[in-house]
Amino acid sequence: MTRPLDRTLSLKDLVFIVIGTVIGSGIFLVPGAVLTQSGGSVGLALLVWLIAGILSLLGAFTYGEMGAMRPDAGGLYVYIRDAFGPMLAFLYGWMVFVVAGSGAVATLAVAFTSYAREFVPLSPVAAKVVAVAMIAVVMLINVRGTRQGATVQNLATMLKAGAILVMSVLLLVAGNGFASAETRWWPEVVDGGALAGGVGLALVAVLWAYEGWHYVTFSAGEAMDPQRTFPRAIVAGTALVIGLYLLANVGYIAALNAGGVMRSDRVAAEAVSMHFGNAAGKAIAAVILVSIFSAANGLTLTAPRLYYAMARDGVFFAKLAEVSPRFRTPALAIIVSSVWAMILAATGTFQQLLTYVIFTTWIFFALAGMAIFYYRRNEPNTPRPFRTPGYPVTPALFILAAVAIVLNTLVTQPMRGIVGLAGVALGVPVYFYWRTRRGPPPTEGSVRGTTSRVAGSVE
């Protein structure tokens with residue numbers, strides 16, 4: 001029998017997981033590109049950041065209800081499995097394991113080496129060694145205990161969130177960019193079609209910058225009092241990220257003016273260096289290193305719980321469902337996924353894989369969002385400690401946004417879309433292999449029974 005995971009994550013831990021997994025290096029780099037795509041209009045660019053944040057918040061509200069009523073390890077995997085069957089759920093887990101989750105950790109590790117060069121010269125070989133070493137450190141932290149992983153996440157996230165807050169306020173006080181002639185709040189008369197296309201691209205880019213808040217759903221099985229803490233955490237964490245992102249963008253514009261932000265691809269470092277010197281710019285590089293480490297730690301703390309859930313259902317390596325009797329973590333799931341991330345980082349193959357497959361995550365975001373309608377229809381009497389505000393409009397808008405991102409990729413980059421979908425489809429024969437090897441997947445009744453036992457254990 002699979003040993004259950006201990007419930008050790010508090011409300012604070014869950015909030016910091018949300019913030020830590022979302023904020024990596026994007027907010028320090030991409031605001032210039034978003035402002036450019038928005039026609040140089042500050043008001044339009046900020047509106048794009050706000051709309052993308054609100055769409056993410058709609059998803060957080062939606063998943064918050066399901067996480068409170070299904071407080072089990074696996075998150076989105078569980079919602080998709082219950083509503084659409086085990087094969088689609090497996091394909092989601094397959095995609096996360098092979099590319100999305102492990103590839104994201106590899107991406108962060110490589111980005112870590114890029115900023116480490118600000119302090120230590122690294123040859124190409126040395127950079128790969130540092131990337132692999134960073135993943136190994138994060139792996140060891142999380143193998144040794146969920147509590148240890150969460151404590152590191154809390155400290156690193158507090159540091160980077162606090163640094164972004166302080167940086168933004170100081171830039172607002174020191175800068176005068178909003179008075180510059182290069183700073184326009186709204187676009188001048190331009191080609192409306194071209195502007196709309198640019199704003200669409202900016203919105204997609206910003207939605208990518210917000211991605212990561214859903215990883216906390218994988219850890220619902222380790223949340224204390226999940227019916228109360230889980231929905232509060234996913235909503236509060238996402239809302240705090242929106243506030244930090246908007247404040248950082250305003251700070252950058254105050255420091256550099258709109259033209260300066262558009263010309264920069266390292267906007268945080270340039271803004272801080274201009275007003276406070278090169279030493280302060282180095283400090284920002286250090287903060288970005290902490291930020292990247294925190295994001296990688298958050299992914300390693302959460303994603304293996306998805307693989308644990310798959311193995312528990314008999315559609316993945318059975319050993320990955322084992323919980324270490326000493327550390328009380330799915331240690332082998334953490335090790336296997338981390339080793340795969342190391343291979344991707346060392347070989348650089350993750351870059352092409354992510355380019356083609358990452359957009360498919362939004363297909364599964366939509367499916368997981370649709371699951372709320374399944375639960376409302378088929379389990380109307382199941383206790384719902386948290387109900388999605390504005391249902392059914394809230395989940396419908398989130399689903400439409402996810403579908404729009406998928407369609408945008410298929411229309412504007414059809415080859416990427418086709419290759420990405422083909423990559424996900426490669427999981428179909430793997431699923432049938434596991435189903436044949438392990439026997440039929442759990443029935444709806446057994447799934448409901450498992451969930452009932454989990455819910456009962458925390459009441």
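For the pair Leu247 and Leu172, the minimum side-chain heavy-atom distance is below 4.5 Å. Contact check for Thr300 versus Ile141: no side-chain heavy atoms found under the 4.5 Å cut-off. Within the 4.5 Å cutoff, side-chain heavy atoms of Ile23 are placed close to those of Tyr245. Pro330 places none of its side-chain heavy atoms less than 4.5 Å from the side chain of Tyr307. Taking 4.5 Å as the limit, every side-chain heavy atom of Val42 sits out of range of all side-chain heavy atoms of Trp186. Two residues are said to be in side-chain contact when any heavy atoms from C-beta on lie closer than 4.5 Å; Thr361 and Met95 meet this criterion. Under the 4.5 Å side-chain criterion, counting only non-hydrogen atoms from C-beta, Val428 is not in contact with Phe90.
For Tyr77 and Phe218, the gap between ring centers reaches or exceeds 6.0 Å. Checked against a 6.0 Å centroid threshold, the rings of Phe316 and Tyr308 do not count as neighbours.
Remark: side-chain polar atoms of Gln148 are paired, donor with acceptor, to backbone N or O of Arg144 under 3.5 angstrom. With hydrogens and angles disregarded, a donor-acceptor distance shorter than 3.5 Å links the side chain of Ser180 to the backbone of Glu182. With hydrogens and angles disregarded, a donor-acceptor distance shorter than 3.5 Å links the side chain of Ser102 to the backbone of Phe97. Listed for the Thr302 side chain is no donor-acceptor partner under 3.5 Å among the backbone atoms of Ser219. When atom types are taken as modelled, the side chain of Ser291 and the backbone of Val287 share no donor-acceptor pair closer than 3.5 angstrom. With Arg305 contributing its side chain and Leu301 its backbone, the two residues share a donor-acceptor pair below 3.5 Å. Not one N or O on the side chain of Thr329 forms a donor-acceptor pair closer than 3.5 Å with the backbone of Thr146.
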Can you list, pair by pair, the side-chain donor-acceptor contacts under 3.5 Å of residues 251-260, counting residues two or more places apart and other chains?
from, atom 1, to, atom 2, distance (Å)
Tyr252, OH, Ile27, O, 3.0
Asn257, OD1, Gly259, N, 2.9
Asn257, OD1, Gly260, N, 2.9

Mind listing the side-chain donor-acceptor pairs of residues 57-68 below 3.5 Å, one per line with the distance, residues two or more places apart or on another chain?
from, atom 1, to, atom 2, distance (Å)
Thr62, OG1, Leu58, O, 2.9
Tyr63, OH, Phe365, O, 2.8
Glu65, OE1, Arg376, NH2, 2.9
Glu65, OE1, Thr388, N, 2.8
Glu65, OE1, Thr388, OG1, 3.1
Glu65, OE2, Arg376, NE, 2.8
Glu65, OE2, Arg384, NE, 3.2

Residues 46-56 side chain polar contacts: donor-acceptor under 3.5 Å, at least two apart:
from, atom 1, to, atom 2, distance (Å)
Trp49, NE1, Asn249, OD1, 3.3
Ser56, OG, Ala52, O, 3.0

Just distance, no hydrogens or angles: give the donor-acceptor pairs under 3.5 Å from side chains in residues 111-118, sequence neighbours left out.
from, atom 1, to, atom 2, distance (Å)
Thr113, OG1, Val110, O, 2.6
Arg117, NE, Leu122, O, 3.4
Glu118, OE2, Arg266, NH2, 2.7

Contacts table for residues 230-243: side-chain donor-acceptor under 3.5 angstrom, sequence neighbours left out:
from, atom 1, to, atom 2, distance (Å)
Thr238, OG1, Ile234, O, 2.7

Side-chain donor-acceptor pairs under 3.5 Å in residues 390-409, sequence neighbours left out?
from, atom 1, to, atom 2, distance (Å)
Thr394, OG1, Pro389, O, 2.4
Thr409, OG1, Ile405, O, 3.1

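Under the 4.0 Å criterion applied to side-chain N and carboxylate O atoms, Asp13 and Arg147 are assigned as salt-bridge partners.
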Decide yes or no on side-chain hydrogen bond (donor to acceptor under 3.5 Å, both in side chains) for Thr8 and Glu222, but give the supporting numbers first. CA-CA 6 Å; Thr8 62; Glu222 293 165 282; 5.2 Å; no

Give the intermediate values and the outcome of side-chain contact (heavy atoms from CB on, under 4.5 Å) for residues Met139 and Ile334. CA-CA 7 Å; Met139 175 188 74; Ile334 296 170; 4.1 Å; yes

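Considering all non-hydrogen atoms of both residues, Lys160 and Gly20 come closest at NZ-O, 2.9 Å.
Only one option out of Leu29, Val30, Val261 pairs with Val267 in a side chain to side chain contact (heavy atoms under 4.5 Å, CB included); it is Val261.
One finds the NZ atom of Lys12 at 6.0 Å from the OG atom of Ser10 (value rounded to the nearest 0.5 Å).
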